[in-house]
Amino acid sequence: MRLSRLFFTTLRDDPADADMASHRLLVRAGYVRQLGSGIYSLLPLGFRVQQRIEQVIREELDAIGGQEMEMPVVHPADLWRQSGRYDKIGPEMARFKDRGERDMVLAMTHEEVVADLVRDIVNSYRQLPIIVYHFQTKFRDEPRARGGLIRVREFVMKDSYSVDADEAGLDRSYQLHYEAYRRIFERLGLATVAVGSDVGIMGGSGAHEFMVVNPHGEDTLVLCPSGDYAANQQVARVAVPPPTGEEPLAAEEVATPGTETIATLAAFLDVPASRTAKAAFFVTGDGRLVTAVVRGDFEVNETKLSNAAKAVGGLRPATAEEIRAAGMEPGYGSPVGAHDTLVVLDALAAASPNLVGGANRPGFHLRNLNAPRDFSPDLTVDIANARAGDPCPECGAPVTLAQGIEVGNIFKLGTDFTRALGATYLAEDGSRHHPVMGSYGIGLGRNMACIVEAHHDEKGIVWPASVAPYPAHLVAIGANRDPAVAEAAEGLYKRVTDSGVEILYDDRDESPGVKFTDAELLGMPMIVTVSPRSLAAGGAEVTDRASGDRSVRPLAEVEAELAGG
RNA sequence: CGGGGCGUGGCGCAGCCUGGUAGCGCGCCUGCUUUGGGAGCAGGAGGCCGCCGGUUCGAAUCCGGCCGCCCCGACCA
């Protein structure tokens, strides 16, 4: 591709609205342009990178038996009503009516379509298992786009779906994807950590997210330094140490004026926050009051609480009136004497005797609070939010926290969708079952951005060879005043191109400085310079973009290497 | 949705406070010179100052409303 013809432009200045390196560089180097908030065009260079990422994914999914297909972007709303998600999903799903006044949606994902196809096509266990996938545009009306290509509203995603006869089959398909994802991200040059994650609106029995550690990441990861444990903080377990053997003491009320926070309470009584109990109050989407009790030195993890309480429609903080209506006092609250509320006690708090907790009377707390003696929890489960330095739930070493960007995810869906859509198959013994599904996603643009995050320097992008839009960038210097340069560069370009290998060729009438700067900004793995100087030295100067190593090599040798792919 | 910031030529910005009819750098076009690290000289093109309304003799500038974009938070396969 001749740069003189390429539809692109480089920018000398950073765009004002770009914060992240990937955003800055992809715009400056002419790979992408923004059209609206969270909506981007891929220019020819960016599109080629996306295609190369796509090809890596395609190869690895084909290798585990995946079959590529394509499913529609626009779905009838009825399909989503059948799965129950039409009402479950909020305004992030775009909805519209077609000319016949029929409700339609822009698909955020394709579980429904796969389940619908399975319903039509699969009759027998002999047809299973199946892995299908496609690369398709998604539109999700995110509340806030951010970080350039990191969180956008319209994007191309690879989504694959496994359909198996039973849970054991799902486990195999899930494991196949897990391993394929490892290989994919390895080939893309992304260092990922697979973390256990929340299943969210998908339901299902298990999920992992493949995360790239990055300070701009939107998720917080809990990582064991020895690699024994990695989880999204949303679901990260908090270890419960063995009982101390401390005997429960008699509860006693103590006046604690003006201590509505754990910090003021601990200071007033001169006890560590870890010897207090914190009550937090929420209301579920269907109007139930949930009282969560964690140790005072922890925060409530709302995801874990919401899952434990099976909160329909999520949780919102309760109002003071709602708390008082259940017999509790904001700022001095505990489940002692409470009524009409689901009490969820954190496992660590349950294992911590003699805490200071609210007396449900303004200005008073209770010393030596102990469950179930002083109140009866409906549930005793882990609902505390993991902190840096907490012991790893596997090995006990202190965990660290890091921010991460989710570059891929895998979900065990189970039979929710096939059940809802009424897809069944006949087993060997003639019994009828719902196929078991899994779903697996990778966002292409986000991966492109993460690759740039991981592979750039102060001069520009440094593409890994696996995804570079072109393997090499040929720069002709002084071609318009030295016919030998023009002839050598044109000849090299023509013969390499004729061999079937496309490279970038800077044939523009620009100064050497501009050409070198652009070549480094654009980031092809190899920069080949042909100039009077290089010819005098015996050929073309070859620069490795990543290492900066340079050498002058005979034209024929460079040509052979490029043509050889 | 809450908080903050920003909207002036393709890009980056100044001008706004204190109203008087728009400027700088880069880029772009033409010519000459230059040619291994974002060249020089000369000439030139290009702006509904986000939109609507108001105040005023006069608005990029002051006032009101709206729209858009970015960041933090809320939210989130």
Side-chain angles (χ1 to χ4, degrees), chain A residues 8-20 23-24 27-28 30 33-40 85 88-93 107-111 138 140-148 150-153 155 157-159 161 197-204 206-211 216 218-219 232 234-235 302-303 306 314-317 406-413 438-443 446 459-460 475-482 485 506 508-521 527 529-537 540-541 543 550 552:
Chain A
F8 91 125
T9 185
T10 56
L11 301 176
R12 195 173 286 229
D13 299 305
D14 286 334
D17 55 6
D19 264 23
M20 294 182 70
H23 188 194
R24 220 173 58 228
V27 173
R28 266 193 64 203
R33 275 298 167 96
Q34 181 171 8
L35 183 60
S37 182
I39 305 177
Y40 285 81
R85 294 162 104 194
K88 207 165 170 181
I89 294 178
E92 62 269 27
M93 183 159 72
M108 300 172 59
T109 175
H110 287 75
E111 283 80 9
K138 316 287 186 210
R140 297 181 186 175
D141 198 355
E142 297 286 347
R144 176 153 92 82
R146 69 182 90 191
I150 295 299
R151 184 162 210 85
V152 294
R153 298 194 297 163
F155 57 100
M157 178 180 226
K158 182 289 297 178
D159 37 331
Y161 302 89
S197 67
D198 184 40
V199 295
I201 196 171
M202 303 296 311
H208 283 87
E209 291 164 339
F210 287 76
M211 293 285 193
H216 288 92
E218 299 178 275
D219 290 282
N232 193 313
Q234 289 183 320
V235 298
E302 283 192 43
T303 303
S306 178
L315 297 170
R316 64 162 171 85
E406 178 189 343
V407 290
N409 59 44
I410 55 179
F411 275 88
K412 290 185 182 180
L413 292 176
S439 93
Y440 316 86
I442 297 177
R446 183 183 286 187
K459 293 173 175 173
V475 178
I477 300 292
N480 58 357
R481 64 176 196 291
D482 186 340
V485 170
D506 193 345
R508 298 175 300 174
D509 184 18
E510 289 286 354
S511 70
V514 169
K515 291 188 170 193
F516 289 135
T517 307
D518 276 351
E520 284 154 347
L521 178 62
I527 298 169
T529 307
V530 174
S531 67
R533 185 190 293 186
S534 80
L535 291 179
E541 182 183 79
T543 306
R550 295 181 184 194
V552 175

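By convention in this document, chain letters (A, B, ...) are assigned in the order of the sequence lines, proteins followed by strands, and residues within each chain are numbered from 1.
- Across rC69(B), rC11(B), rC71(B), the shortest atom-to-atom separation from the side chain of R146(A) is found for rC71(B).
- The nearest whole Å value for the distance from the CE atom in M108(A) to the C1' atom in rC75(B) is 12 Å.
- Here rC11(B) is the nucleotide among rC11(B), rA39(B), rC76(B) with the atom lying nearest to any side-chain atom of L11(A).
- Whole-Å rounding puts the D506(A) CG to rG36(B) C1' distance at 13 Å.
- Taking atom CE of M93(A) as the reference point, atom C1' of rC76(B) lies 14 Å away to the nearest angstrom.
- As the counterpart of rC26(B), rG10(B) is assigned, both hydrogen-bonding distances of the Watson-Crick or G-U wobble pattern falling under 3.5 Å.
- Between the P atom of rA39(B) and the CZ atom of R12(A) lies a distance of 6 Å, rounded to the nearest Å.
- Residue-level contact check: P15(A) touches the backbone only, with heavy atoms under 4.0 Å from sugar-phosphate atoms and none from bases.
- Taking 4.0 angstrom as the limit, R481(A) places a side-chain polar atom (N or O) nearer than this to OP1 or OP2 of rG36(B).
- Side-chain contact between M108(A) and R85(A) is absent, with no heavy-atom pair separated by less than 4.5 Å.
- One interatomic measurement links the two molecules: CG of D509(A) to C1' of rG31(B), which rounds to 14 Å at whole-angstrom precision.
- Spacing of P atoms, rG5(B) relative to rA77(B), comes out at 31 Å, to the nearest Å.
- Between D17(A) atom CG and rG10(B) atom C1' there is a gap of 15 Å when expressed in whole angstrom units.
- Residue contacts shown for T9(A) are absent, as no nucleic acid heavy atom lies under 4.0 Å away.
- Distances shorter than 4.0 Å separate some side-chain N or O of R144(A) from OP1 or OP2 on rC72(B).
- Screening K515(A), E541(A), R508(A) for a side chain to side chain contact (heavy atoms under 4.5 Å, CB included) with V475(A), the sole residue that qualifies is K515(A).
- Partner assigned to rA39(B) is rU33(B), using Watson-Crick or G-U wobble distances below 3.5 angstrom.
- Under the Watson-Crick or G-U wobble criterion, with both distances below 3.5 Å, rC62(B) is paired with rG54(B).
- Rounded to whole Å, atom P of rA77(B) lies 10 Å from atom CD of E406(A).
- OP1 or OP2 of rA39(B) lies within a sub-4.0 Å distance of a side-chain N or O belonging to S511(A).
- In a base pair of the Watson-Crick type (N1 to N3 plus N6-O4 or O6-N4) or a G-U wobble (N1-O2 and O6-N3), with each distance short of 3.5 Å, rC48(B) is matched with no nucleotide.
- R28(A) places a side-chain N or O within donor-acceptor distance of the main-chain N or O of L11(A), the cut-off being under 3.5 Å.
- Between the P atom of rG27(B) and the CZ atom of F8(A) lies a distance of 15 Å, rounded to the nearest Å.
- Taking only side-chain nitrogens and oxygens, S439(A) never comes nearer than 4.0 Å to OP1 or OP2 of rA77(B).
- Pair check for rG2(B) finds rC72(B); Watson-Crick or G-U wobble, both atom distances under 3.5 Å.
- To the nearest 0.5 angstrom, E209(A) atom CD is 6.5 Å from F411(A) atom CZ.
- Here the side chain of Q34(A) is nearest to one of rC28(B), rU35(B), rC70(B), namely rC70(B).
- Within the shown strands, nothing qualifies as a pairing partner of rU21(B) under the Watson-Crick or G-U definition with both distances less than 3.5 Å.
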